[in-house]
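Just so it is clear, the structure is predicted and the values come from calculations on it, not from any experiment. First the proteins, then the strands, lettered A, B, ... as listed; each starts at 1.
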Amino acid sequence: MKAWRRYLRFWGSDIDGDVDDELRFHLERRVSDYMAAGLARDEAERAARERFGDVSDVARSLRDHDLVKQRWALWRDRFQMLPREIGFAVRSLRSAPTFVVAVVLTLGIAIGAYTVISSAADVLLRRPVPATDLADIVMIGHYDPQHDIHAGMQPAEVYDLENRHDLFSAISGYRSVGLNLTDAGQPRYIPAATTTGGFFDVFGLRPYAGRFYNAHDERFGPSNVVVLSYGLWRDLTGGDTAVIGQSLQLNDSSYMVVGIAPPAFEYPLGAQLWTPHTLDFFLNRNASAMIQHGGSVVPTIARLRAGVTREQLQVELGNALNSWSEREPQFYTLRRSWSIEVRSFVAAWAGRLRPIVIALIGAAGFVILVACANVGSLYLLRTTGRAREIAVRMALGASRARIVRALAVEALVLAAAGGLLGILMTQIMLAAVRDAAAWRVPELHAIRLNPFVLASSLLLTLVVAVLCAAAPAFRIAAVDPRDALASGLSRHSMSTGRSQFLRLAVVSQIATALVLMLSCMVAVRSVRRVLSLDPGFDASRVVTAQIFLPKSRYNDTTLAGAVRAMSLHQTLLDRLRAAPGIEAASSADVSPFGFNDALDASTHRTAVSAEIGAAGEVGGHAFQSALTVDDWQVDAAYFHTMGIPVLAGPGFTGHEQQDQARAYPKQLQLAVVIDRALAHRLFPGENAVGKLIGPWPPGMRVVGVVDNVKQSDLAAPSQVAGAIYFATAGTQARQTILLRTEQSPAGVAGLLRRTLADLDPELAVHDVQPLAKLVSRSVGARQVAAWLLSGFAALSLALCIVGVFGVLNYTMSQRAKELGIRLALGAQPGEVASMVLRNAAALAGTGLVVGMFAYLALQRWIGAFTYGVDARGPWLIAGAVLSLVTITLAASLPAAVRASRVDPLAALRAE
Amino acid sequence: MAESAHGYGVARWIEQTTDDVLRVEEGSLYPALRRLEDKGYIASDWGLSDNNRRARYYSLTAAGRAHLRKEAAAWTRFSGAVTRVLRAAPALA
């Protein structure tokens, strides 16, 4: 045999043989032609090979080419076959509607639950804002370790840091505000933010259209420019970029639209408008304002310069704080224990919700686990039941590969249906979350269907579905059709491996149901528990509403503006009090539980200190330490309206502001009311009424003591030393009107709008809410978590019932012959039934034990939902266990009844 | 040339027709035939040769014929042009 032939022969199969044959034919013909021309054979062969060149190389390239071509042809054929196979799968599935419904529902629910939770997690924990390089964005602010308070920065500090180009590539202080849009008819309230110039640079955003403002614009350009959110722009113009360059009436000033933000950017807290503002707006002009506004801190975000680490920044800011302290000792001494804190933006944003979200992801994971177990056992039951059909098809000549393929296509069809349902469920659930949860958990307002999350969960289900279908399919296809047909056809008995899988599935379903049920009970009880706590005021029948006074006419830093604001406030409240059905009316800067978020709440805290010594000697005191207290700006009717008991002293007279205005520019001692906690802290065992408190001259005179009130969290112990009330409501830009009335919020809104339209038609009334609703919003995250957990628990319970019912029913029918023999040999129907029930009880017992261990092991995460409820309480656990046992046994009853009614003759004959 | 031919036949035909002026590079003949087949200009099938050996026969498809006509016309035009240039070149005259 010639060398090149041996070489070619080495590559067996069709393609190799063909290439081999073709080239060999060529060479042989050339050899015989040479020989005909008179060459000797060996000479002719050498010449032929020389003439041809590298035979093996050519052969290899031909072979590669042919292989690729063959593979393509194969795939093309397969895809051409697919529609027919899908049609076949659909027809075959139509004969098992219960199975289809069960699988599709299970898959759909699992995909939906997982996608919603993951989308929420994605928004909360990873990408709260559509910005570039989120990891480089930090939130900086003061931190009070004593009270665990995260506050913003002082405006002057922000300006100082703007020059630190070695640390930041951009930095911005901002504040959430409301603006009255008065362009079209009725004034409309728009949530907005005023920011310093670097705001958009921090997020690294590019405008959807037009341009953003920057630090230069803020300082030197016209300040009346505005950037619209994508949503507001669509809403106002229907999507017309011609609006850029035109003007909008906001707070009765004209603002020019310069740009449109990219879609989905609505930071902070659903802002729809951004305007540049020098921090003048926030700067404090005098000490009393400083006391009242707690130094007016602004939330501050920054983008780290490349190469700067957070640790480095921390050190640099510590140095900066020292130099600020030297410059303004009076202010900073009061905050000696405070430090500057650098947090990652995402962590700062989602910090509060992180444990709950992680626990919910775990719960969703459990649901998926149960769903997989369910789909797996459903498939196992179906394919086992189809053993006969498959055997017949194989006997009629279908190949094994063909059968496995058919089963796989069927699984794909089901997975696709489940996926579609999942997408639908996700959309519905996301809408529900946006409607119900976003109000309770403002961070969730940005939640939307995340294509990556959806894709990953679809892929996951696809894999699960195919695995579930493939495992039994291969086993079935491996069976010799003759055996299957001979051994009682459809009664093809289940192997131990299979029934063990089914038991395992049921046990895991029961265990998961127990874990989720207990967690859900703990969460629901905790919410109820928290809501039953006394906030310190009577929230029933109180309706709150917000108004926002534009600075142009009601500037509280000018006397005229302040007087105008005060008179508007006075007239408004007088008219409201005179209106029918209004029992009491009052106003405050903000109501308890009326804060947007934790940072908002922290700006309502201030530092005061006890003045130790006789009245009149206030000045020149060095204070040992400052106390942080909640700071409320209210009017004289506030305590009455809110139902806050006045414990001592006359309280406010209602003339405080007029007195102050009359004495202007001299500052009177401010009259303040303090709460019981602060009175006890500053003057233990004494009557606080009449005492002076610091820190700055001329001091503040305590005119009353009221009971303690929760500021924004029912459950958490108060982080601060108490509360201080100033009688200064009415002059701030942001005002909350509080009305005690039987009327509905809608009625109140109408009344307020009518009354306000008389006084100033440019002012919008917004956020008209019952106070009780605001209070319940504070447990929003817990409540949403409890709902989701309840949903998950219900789901896993339903899956558990389906699992127990299906598996027992099926194994029972598998054992019909055995049961028939037992009954024929004299067993009582009751005994047979109790045997089935014992079987179920054993499964339930194992599941409950496993579930109990899992529950105890998961305590750390379940703690995220727990408040004031013993998560390991014996009654709680006994209740859950008992109800699960009942449910399991109830689900196994049909199987037991069927077992006891087996007709021995029929069962035996069927074989 | 016949309706269909095997690779060797193609090579021989070219050599004989051109009196051995064009000698086919045999190593690249077969890959070239594969490329033509991929483009759909020729089709191949197995058949028996005149000495009863199994051989792969290639034939022009309709698309191949059309393509050949087009390319041949272009080539004729081109080579005619070159010939005319050479005839007119004064150095050769």
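Considering CH2 of Trp72(A) and CG of Asp38(B), their distance stands at 12.5 Å, rounded to 0.5 Å. Expressed to the nearest 0.5 Å, how far CZ of Arg56(B) lies from CG of Asp18(A) amounts to 6.5 Å. Put simply, CG on Asp33(A) and CZ on Arg12(B) are 5.0 Å apart, with the number rounded to the nearest 0.5 Å. Taken to the nearest 0.5 Å, the CD atom of Glu22(A) stands 5.0 Å off from the OH atom of Tyr30(B).
For a residue to count as touching a neighbouring chain, one of its non-hydrogen atoms must lie under 4.5 Å from one of that chain's; by this rule His26(A) touches chain B with backbone and side chain alike. Looking at Asp54(A), neither its backbone nor its side chain comes within 4.5 Å of chain B, counting heavy atoms on both sides.
Other residues, nucleotides and ligands place more than 12 heavy atoms under 6.0 Å from the NZ atom of Lys69(A).
Using a 4.0 Å cut-off between a side-chain N of Lys or Arg and a carboxylate O of Asp or Glu, Arg54(B) and Glu28(A) do not qualify as a salt bridge. The residues Arg29(A) and Glu26(B) are annotated as not salt-bridged, no charged nitrogen and carboxylate oxygen being separated by less than 4.0 angstrom. Salt-bridge annotation for Asp21(A) and Arg53(B): absent, with no side-chain N of the basic residue lying under 4.0 Å from a carboxylate O of the acidic one.
The shortest heavy-atom contact between Pro31(B) and Val58(A) is CD-CG1, 4.3 Å.
Take Ser28(B) and apply the side chain to side chain contact (heavy atoms under 4.5 Å, CB included) test, not counting sequence neighbours, and it matches Glu25(B). By the side-chain hydrogen bond (donor to acceptor under 3.5 Å, both in side chains) test, Tyr114(A) is found to be paired with no residue, residues two or more places apart in sequence or in another chain being considered. Residues satisfying the ring pair (Phe, Tyr, Trp, His ring centres under 6.0 Å) criterion with Phe78(B), sequence neighbours excluded, are Trp75(B).
Contacts between residues 81-89 of chain A and chain B, defined by a heavy-atom separation under 4.5 Å, are made by no residue at all.
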